[in-house]
Each structure stands twice: as C-alpha cells, then as structure tokens.
Amino acid sequence: MSQITPQPGIMEIALYQSGAAHVDGATDVVKLSSNENPFGPSPKVADALRIAGVDLHRYPGTDHAGLRRAIADVHGLEAENIICGVGSDEVLQFIAQSFAGPGDEVIYTEHGFSMYPILAHAVGATPVKVEETDRTVDVDKILAACTDKTRIVFIANPANPTGTMLPMEDCKRLAEGLPDKALLVLDGAYAEFVDGYDGGAGMVESRDNVIMTRTFSKIYGLGGLRVGWGYAPKEIIDVLNRVRQPFNLNNLQLLAAEAALRDRAYLDKCRSENARLRSWLIEALAGHGVECDVSYTNFILARFNDTQEANAADAYLKSQGLIVRKVTGYGLPNALRITIGDEPSCRRVAHAIGQFKEGAV
C-alpha cells in the first residue's frame, strides 16, 4: 500500500455539491438552485469582453490595480486595502491559509455556508459549529464558543441559505468580544441586495480584526467568470497577497467585473426587481401555508411541515421543470432554498407549490 497520504483534515472534506441545472425528461426548465441573477450581467459587460478578447495573448497585471481602483471609487474605500480573488471563495481560502492551521479552531454557525468547515479542514484546523437561534446568527453563542485556540469566525451576512441578517450593532459586539488572536470575517456575498448596507466596510476601517469579502457572482451576474474581493486593514492584505497567485485573475475577469461594477443604474434595477419579486413570492407562498423568514438576499428559504413534505415538494417542482435547492446538508431538512427568478419564474413556483399543497399532484 502506498505511503503517500494527504495532509490531516483533507479527507474530512465532503465534496461540494453544486445546484442542479437539469431535469431528466423535463422541458422549459428553470434553474432556481444557485442564487444566480435571472437578468444576467450589465449589457456593458459584453463590450468589456470584446475589448479584452483582442488582448488574450498578454498576461494580466498582477496587482489588479484597475479593478481595485474601481471598487475603491464606487464604494469609497482605500484601494490598497483591497484584494481580488477567483470569487470571494478564493479570498476566504487566503484567509484560512494565512491565519489558521493545526491546533487552531475556526468557528462557523449551524446553518452557515458549507465552505467554512471545508476551509478549516483544508488547512488542518478544527471547525467548530455554533448553534443559531431561529435560523439567525447568535452572537452570545459564538462568544461562548470562543477559546484561546479560536483564530477565525466566519459569518455570512446576509446569510446563506437562510437569508437572515445580523444587525450591524450585533456584528460590532461580536468583533469587540472576540479573543485577541481571532479574526471576524464578514462574508458579504449578498450585501448588495440590502439598501444602505456597507457589508461591514466601516467596521474594517475602525477595527484591526475584521475582514469583509464580496463577490461579483450574485447581483452583478458574473457567476460564470468567478470574481470576488476582500477589504481589510493593510497589514492583513499584505499577508493575504503573499499566498495569492500573481495571475489569479485574467483580463476577461478584470475588465468584465469593472464594467459591471460601474453600471450602478443596472445594479439598482436588479436590486429593485429582486426586492419586488421576493416580497411577492413570500406572500404568495404564505397564502399556500408555506412560511419563509424575512430574506435580505436573492433567495427565500421555504419551510415545509417536515422532511417528507419538503422532499415531496422538491420532487413535484422538478416534475414541473423547476429546480430549487434542498438544504438538508445545512441542517434544514424541512426547507427548500428558492432563488428569486424573473416574474414568470416566480409565478410558476408559486403556482406549482399551490398545486402541491392542495394535493393536485
């Protein structure tokens, strides 16, 4: 038998399961399983891709200066405190790689994004799961779980897959209460769906133990290009850049992300439509006896009576060409996560769940 073995923790990682995209035998399929923007990216992205396409034989810049400057301009941030990655997932990976390892603990919450324990295992650290309260992050429970081994606390705010949100005052209380050697990571993949929310940028600028991450995969509609970024004190960014590959983003990614970022009118339109359709769908499902928490994202968490009913609802939706996401792996076996699609998609979902609840299946 071979003596070649992986590093400790690697084999503890369950392979990530992405949202389904196809249903055998079904036509006119609508994918509502990956929280994608149904309207796609800004039309200005296509122009940027055409420009980038004539220069593919050139290496991209290693410092992402143009995109970092655009992010800084739009959000009123310091460009030197920004790092870019292949989706925000890569930035989260940089953080785990740089600040946790064997003997350390990484805290995440009961229904938190599944990448957090994966990142901990990947660097040999111990993931520590903390209970939530009513599917919302509980600051007191996190602080009670901290030890002298705690190095990172991952919080998605707004959260995936629950859609709930921790108020900024609670985020500040959490940051203030962490052990001296621990970092708070505010994962803001869905931050742009919340009016007036800075994703934690203000906390980054007032503290030395907070990191904020963001992505272009959700409201900007660039999931297929994978671009994300992080904002942190300069000393932390300097550390993260030491583990970042110099050419981790290509010219297509950089120019497309900048074009999407600068089209604020399109972003506002996407946010407004998402909010309108989200409210409509939550109300429609409530009318069929399916409850949802208030969502601050581009998806809702529909809660059924039990696991059996949730599974049956998922099967019926698939039979109607509607793909949603089961979230049993997130500790929510009685729920389905449903992306907010365009209006026809939302109406199809509401109609299908109504038929299911009425027993017309």
Inset, instruction - Check the hydrophobic clustering (I, L, V, M, F, W, Y; side-chain heavy atoms under 4.5 Å; chains of links allowed) and say if V137 and Y197 are grouped together. - result: yes
Inset, instruction - Might you work through the salt bridge (Lys or Arg N to Asp or Glu O under 4.0 Å) test for R68 and E78, ending with a clear yes or no? - result: CA-CA 9 Å; R68 289 190 300 110; E78 296 293 332; over 6 Å; no
Legend entry - Test side chain to side chain contact (heavy atoms under 4.5 Å, CB included) applied to D138 and D134, T136, I142, D140, the passing residue: D140
Inset, instruction - Find the distance between SG (C346) and CD1 (I338) and round it off to the nearest 0.5 Å. - result: 9.0 Å
Legend entry - Polar side-chain atom of N334 near backbone of F304 as donor-acceptor pair, under 3.5 Å: yes
Legend entry - Flag, side chain of D314 to backbone of R325, donor-acceptor distance under 3.5 Å: no
Inset, instruction - Would you kindly confirm whether F113 and I13 end up in one hydrophobic cluster when ILVMFWY residues are joined by side chain heavy atoms under 4.5 Å apart? - result: yes
Inset, instruction - Return the set of residues passing ring pair (Phe, Tyr, Trp, His ring centres under 6.0 Å) with Y220 (not counting sequence neighbours), or none when no residue passes. - result: F216
Inset, instruction - Could you tell me if the ring centre of Y108 sits under 6.0 Å from that of Y116? - result: no
Legend entry - Any donor-acceptor pair under 3.5 Å from Q320 side chain to A352 backbone: no
Inset, instruction - With rounding to the nearest 0.5 Å, note down the distance linking NZ in K172 to CG in D170. - result: 11.0 Å
Inset, instruction - Give a yes or no on whether the backbone of L32 and the side-chain of T339 come within a donor-acceptor separation of less than 3.5 Å. - result: yes
Legend entry - Set of salt bridge (Lys or Arg N to Asp or Glu O under 4.0 Å) partners for R303, sequence neighbours left out: D293
Inset, instruction - Would you mind checking if E273 and K269 are paired as a salt bridge, meaning a charged N to carboxylate O distance below 4.0 Å? - result: no
Inset, instruction - Any chance you could measure L92, atom CG, to I152, atom CD1, to the nearest 0.5 Å? - result: 9.0 Å
Inset, instruction - Indicate, with yes or no, if V227 and V45 share a hydrophobic cluster defined by side-chain heavy-atom contacts under 4.5 Å among Ile, Leu, Val, Met, Phe, Trp and Tyr. - result: yes
Inset, instruction - Carefully, step by step, assess E90 and N248 under the rule side-chain hydrogen bond (donor to acceptor under 3.5 Å, both in side chains). - result: CA-CA 9 Å; E90 189 181 38; N248 62 323; 3.0 Å; yes
Legend entry - Cationic tip of R337 above F299 ring, under 6.0 Å, 45° of axis: yes
Inset, instruction - Could you tell me which non-hydrogen atom of R135 sits nearest to which non-hydrogen atom of H111, and how far apart they are? - result: CA-CD2, 4.0 Å
Inset, instruction - Decide if the gap between the ring center of Y296 and the ring center of F193 is smaller than 6.0 angstrom. - result: no
Legend entry - Under 3.5 Å donor-acceptor, S98 side chain and I95 backbone: no
Inset, instruction - Check the pair F356 / L317 against side chain to side chain contact (heavy atoms under 4.5 Å, CB included), numbers first and verdict last. - result: CA-CA 8 Å; F356 170 78; L317 288 169; over 6 Å; no
Inset, instruction - Specify the closest pair of heavy atoms between V106 and A120, including all atoms of both residues, with the distance to one decimal. - result: CB-CB, 3.8 Å
Legend entry - Heavy-atom donor-acceptor pair, S279 side chain to A275 backbone, under 3.5 Å: yes
